[in-house]
Amino acid sequence: MKFTYSTGQRPLDGYTIKRGVGKGGFGEVYFALSDGGKEVALKLLKGDQADIELRGIRQCLNLKHQNLVALFDVKADLHGEPWIIMEYVAGETLNAILNRHPKGLPIELVQSWFPALGRAVGYLHDHGIVHRDLKPANIFLEQGLLKVGDYGLSKSMSSSHRSAQTSSVGTVHYMAPEIASGNYDKSVDIYAQGVLLFEMLTGTPPFDGESAQEVMMKHLMSLPDLNKVPPAFKPVLAKALAKDPQHRHQTSAELVKEVEAIFGETVPLPEVKPPSRLEAKPAPKPFDRGRVPFAIPVARPVGKAVEIPLRDRPVSCPLRPEPLTVVPALPFRTKLGELAASMALSVVFAALATTLLAALRLNTDWAAIGTLFFLTVGVSWTVLIPSKFWSGKTNDEWSRRLILMAGGAAVGLGALWLDGWTPNIPGLTEVSVEPATSGLLPHNAIATGAGLISYFALALGLLRWWKVADRRRDSWFSFFPVLATGIWALVLMMVWPWAQRPYGVASLVMASMIVQWVSPWQAPPPPAPRRMKLRRA
């Protein structure tokens with residue numbers, strides 16, 4: 001990592017640089033000594049966003065709290081570049097500590113650090129400041145003391161500044177849903193604290209993805225998998241991570257109070273020396289956790305369970321529990337909202353796909369393109385609607401297949417109607433067939449109708465379509481279901497040679513892609529680590 005200044009240089013009068021510490025989007029940070037011998041951190045602001053950070057820094061210069069990194073002054077060098085002089089924290093970031101604990105922090109650290117984080121954020125809020133960029137990389141630990149730093153994105157919460165806030169703030173994994181609208185207040189810090197608490201307990205943030213847009217969409221539409229956290233924390237995190245800011249904790253102190261109530265009274269941890277590599281020592285006796293309503297892992301051989309008396313009753317807690325795969329039950333109202341969004345997006349994607357196909361074919365047969373569009377939307381909706389209310393594994397796949405077959409039959413009737421078939425309502429025995437407009441219908445309407453209905457019914461009933469719409473599928477998009485759909489669609493097309501153009505195949509293949517694109521996806525938990533066998537030399 002190359003820095004602008006090296007050891008021994010004095011870009012600011014009165015300070016000598018010892019070494020570079022880190023670089024980021026806003027500039028460079030150095031460890032330096034004042035002429036009087038005081039250790040400080042010097043931050044050189046660079047780039048187009050320097051004015052934004054400098055504005056946030058000036059608001060926090062006079063704030064003093066044991067859990068906030070102290071800011072001493074702002075100066076300019078001979079080149080006119082701004083420098084921030086602040087407290088040097090010799091410890092490491094919470095991000096580095098979390099990287100060493102991929103399954104979550106020890107519970108005693110959560111008990112000590114999260115309330116300190118809440119007190120720091122509450123102090124900022126009490127002074128009219130919203131941090132806007134709470135994340136592990138901006139939280140520092142020195143000799144067990146937590147300090148919140150990096151106020152570059154902090155902003156006054158007065159009404160005169162509210163409209164100036166934009167969505168380009170913070171880090172996407174910790175950004176509240178309302179940031180996208182640009183109309184928010186200290187509730188974004190409450191949400192970020194909920195994300196941090198979730199990450200402290202599990203080792204990962206509640207939402208992840210391959211792109212920033214995908215993660216932000218999950219913040220907007222998906223619910224966190226609270227089965228990953230101890231049961232006692234579920235109601236607290238459900239409230240802190242609520243999509244509506246009005247449903248969250250209204251102050252940081254309120255959130256901290258609920259978390260501290262979970263832990264109850266505790267006693268200090270006994271100091272235990274690590275056992276020698278050549279000599280196995282028994283694990284220390286577990287300390288009394290008071291009324292903590294969940295089990296605490298204690299070092300024991302893998303696979304065995306330990307009994308810890310909690311609330312006057314034993315609770316069996318394996319050292320390495322298998323990852324939970326139970327999908328949390330979504331409220332009916334949330335399901336309806338997600339279904340409406342998925343159905344609307346499927347229409348958009350179907351329109352884009354059919355328009356692209358029309359452009360590639362250089363074809364002006366708009367009747368055929370319209371038929372393909374409506375068939376694609378029909379198949380997509382037929383899969384999305386029932387799948388939204390199916391969750392988890394099923395022991396009766398045939399009931400799902402029959403429902404999808406009925407939906408496929410309805411799509412076949414729609415295809416017949418789109419190509420000119422209309423029922424004679426008074427007699428209910430005769431049908432009239434107009435000349436085929438898209439090339440799908442031969443002259444025998446009865447055979448064609450039976451073929452269309454059977455084709456789409458079998459195409460939807462033979463494959464397990466609900467898996468491509470499942471929230472806990474292996475990946476957000478997979479090409480294998482698309483390939484399987486195309487193969488089956490072609491096989492069925494050979495059974496009924498009446499189809500002169502492959503609109504049925506195209507609509508099914510596009511639907512298998514669209515359903516994956518528009519269905520909410522939650523990454524599965526990481527696999528359990530493999531057990532390692534130790535051999536003696």
Side-chain angles (χ1 to χ4, degrees), residues 94-95 97-111 113-114 117 134-136 171-177 190-210 214-243 248-249 255 258-259 262-263 289 292-298 302 305 308 310 315-331 334 338 391-393 470-476 520-530:
L94 178 60
N95 189 52
I97 299 174
L98 285 170
N99 288 337
R100 297 199 299 269
H101 296 84
K103 297 298 183 181
L105 298 178
I107 201 65
E108 60 271 10
L109 297 183
V110 180
Q111 181 184 5
W113 291 348
F114 185 79
L117 168 65
L134 291 173
K135 60 183 179 181
T171 303
V172 68
H173 288 85
Y174 306 89
M175 287 172 61
I190 304 295
Y191 187 90
Q193 287 180 87
V195 176
L196 286 167
L197 178 58
F198 187 101
E199 189 170 6
M200 287 181 179
L201 293 170
T202 65
T204 58
F207 302 114
D208 203 356
E210 297 181 357
E214 181 183 346
V215 177
M216 196 64 212
M217 186 61 66
K218 290 180 181 179
H219 280 292
L220 288 168
M221 300 182 60
S222 302
L223 293 178
D225 183 4
L226 297 182
N227 284 321
K228 296 180 179 180
V229 303
F233 287 93
K234 289 184 179 181
V236 177
L237 284 170
K239 186 176 181 180
L241 298 176
K243 306 300 181 188
R248 295 181 204 143
H249 304 83
L255 173 58
E258 291 190 10
V259 172
I262 295 174
F263 290 105
R289 272 277 171 202
V292 181
F294 55 87
I296 303 167
V298 178
V302 175
I308 303 177
L310 301 175
V315 178
S316 180
C317 175
L319 177 62
R320 293 183 181 176
E322 293 296 325
L324 295 171
T325 58
V326 180
V327 179
L330 296 177
T334 301
E338 291 186 354
S391 61
K393 297 181 179 180
D470 189 1
R471 177 185 298 273
R472 296 298 294 271
R473 56 191 184 274
D474 292 337
S475 60
W476 174 66
W521 178 70
Q522 184 172 343
R530 298 178 61 182

Return yes when atom CE of M221 has more than 12 non-hydrogen atoms of other residues, nucleotides or ligands closer than 6.0 Å, and no otherwise.
yes
Can you check side chain to side chain contact (heavy atoms under 4.5 Å, CB included) on L226 and F198, steps first, answer last?
CA-CA 9 Å; L226 297 182; F198 187 101; 4.1 Å; yes
Closest heavy-atom pair and its distance - P235, A232
CD-O, 3.6 Å
Nearest 0.5 Å, please: how far is CE in M175 from CZ in F207?
13.5 Å
Is there a side-chain contact between D225 and P206 (heavy atoms, below 4.5 Å)?
no
Identify the two heavy atoms, one from L255 and one from I190, that lie closest to each other, and give their separation to 0.1 Å.
CD2-O, 4.3 Å
Testing the basics here: between A240 and G194, what is the closest heavy-atom pair and its distance to 0.1 Å?
CB-CA, 4.0 Å
Could you check L241 against L223 for side chain to side chain contact (heavy atoms under 4.5 Å, CB included), going step by step and ending with a plain yes or no?
CA-CA 9 Å; L241 298 176; L223 293 178; over 6 Å; no
Between CD on residue E258 and CG on residue L197, distance to nearest 0.5 Å:
11.0 Å
Candidate list R248, H219, H249, test side chain to side chain donor-acceptor pair (under 3.5 Å), partner Y191, passing option:
H219
Between the NE2 atom in H101 and the CD atom in E199, the distance rounded to the nearest 0.5 Å is 13.0 Å
V195 to H173 - nearest heavy-atom pair and separation:
CG1-O, 3.5 Å
Any side-chain heavy-atom pair of L94 and L105 under 4.5 Å:
yes
Is the shortest heavy-atom distance from the side chain of Q193 to the side chain of L134 under 4.5 Å?
yes
Approximate separation, where rounding is to 0.5 Å, of K239 NZ and L237 CG
12.5 Å
Where is the tightest heavy-atom contact between P177 and K243, given as atom of each residue plus distance?
CG-CD, 4.1 Å
Would a 4.5 Å heavy-atom cut-off, applied to side chains only, mark I107 and L201 as touching?
yes
Nearest-0.5 Å distance that lies between atom CD in E210 and atom CH2 in W476:
8.0 Å
For a quick test of reading the model, state the closest non-hydrogen atom pair linking E214 to D208 and the distance between them.
OE2-O, 4.4 Å
